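This report refers to the structure that appears directly beneath it.
All of these numbers come straight from a predicted model, not from anything done at the bench.
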Amino acid sequence: RLNELQPATSLWLKAGREILDRQFEEAAETFDEIGSVPDEAEARLRAGQVLLAAGHRAEAGEQFERALGFYRAVGATRYASRCEQAFADTA
């Protein structure tokens, strides 16, 4: 039975390592694979911030847009506002 849980645990550990290594895009994809939509959205928000700081506006906008979709859908207005402001900075 423990072997059945190992893949999910491994993905959580992988996502944690990616966050610690500031590999937010990769972490977002891992959270997507796990099915943890709130964690994916947070990782995408952070990925967008890193990309924007590096001057990659188009890529940052894609990350903000994906995160924003989730935050709007669940009524997380504070997070949605953060994404909207960040997304505006990509224009």
_With side-chain hydrogen bond (donor to acceptor under 3.5 Å, both in side chains) as the rule and sequence neighbours excluded, what pairs involving residues 15-26 come up?_
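Of all non-adjacent pairs touching residues 15-26, those that pass side-chain hydrogen bond (donor to acceptor under 3.5 Å, both in side chains) are Lys14-Glu18, Glu18-Thr30.
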*Apply side chain to side chain contact (heavy atoms under 4.5 Å, CB included) to Glu29 and Arg44, showing your working.*
CA-CA 9 Å; Glu29 294 302 321; Arg44 292 200 184 285; 2.7 Å; yes
_salt bridge (charged side-chain N to carboxylate O under 4.0 Å, His left out), that's the test. Do Arg66 and Glu62 meet it? Break it down for me._
CA-CA 6 Å; Arg66 290 183 71 178; Glu62 291 172 15; over 6 Å; no
Which atom pair, heavy atoms only, marks the closest approach of [X] to [Y]?
X	Y	result
Ala27	Ala15	CB-O, 4.1 Å
Ala60	Gly48	CB-O, 3.3 Å
Ala80	Arg72	CB-CG, 4.4 Å

*Determine, step by step, whether Leu45 and Glu42 satisfy the side chain to side chain contact (heavy atoms under 4.5 Å, CB included) criterion, reporting the C-alpha distance in whole Å, the side-chain angles of both residues, the deciding distance to 0.1 Å, and the verdict.*
CA-CA 5 Å; Leu45 175 59; Glu42 177 66 21; 4.2 Å; yes
*Taking atom SG of Cys83 and atom CZ of Arg78, what is their separation to the nearest 0.5 Å?*
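With rounding to 0.5 Å, SG (Cys83) is 12.0 Å from CZ (Arg78).
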*Hey, what do you get for CZ (Phe70) to CG (Leu68), rounding to the nearest 0.5 Å?*
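Reported value, rounded in 0.5 Å steps: 11.5 Å.
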_Qualifying ring-ring contact (aromatic ring centres under 6.0 Å, His included) pairs with a residue from residues 17-69, counting only residues at least two apart or across chains_ =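 Every pair satisfying ring-ring contact (aromatic ring centres under 6.0 Å, His included) with a residue in residues 17-69: Trp12-Phe31.
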_Heavy-atom check, side chain of Gln63 versus side chain of Glu59, under 4.5 Å_ =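 Of all side-chain heavy-atom pairs linking Glu59 with Gln63, none is under 4.5 Å.
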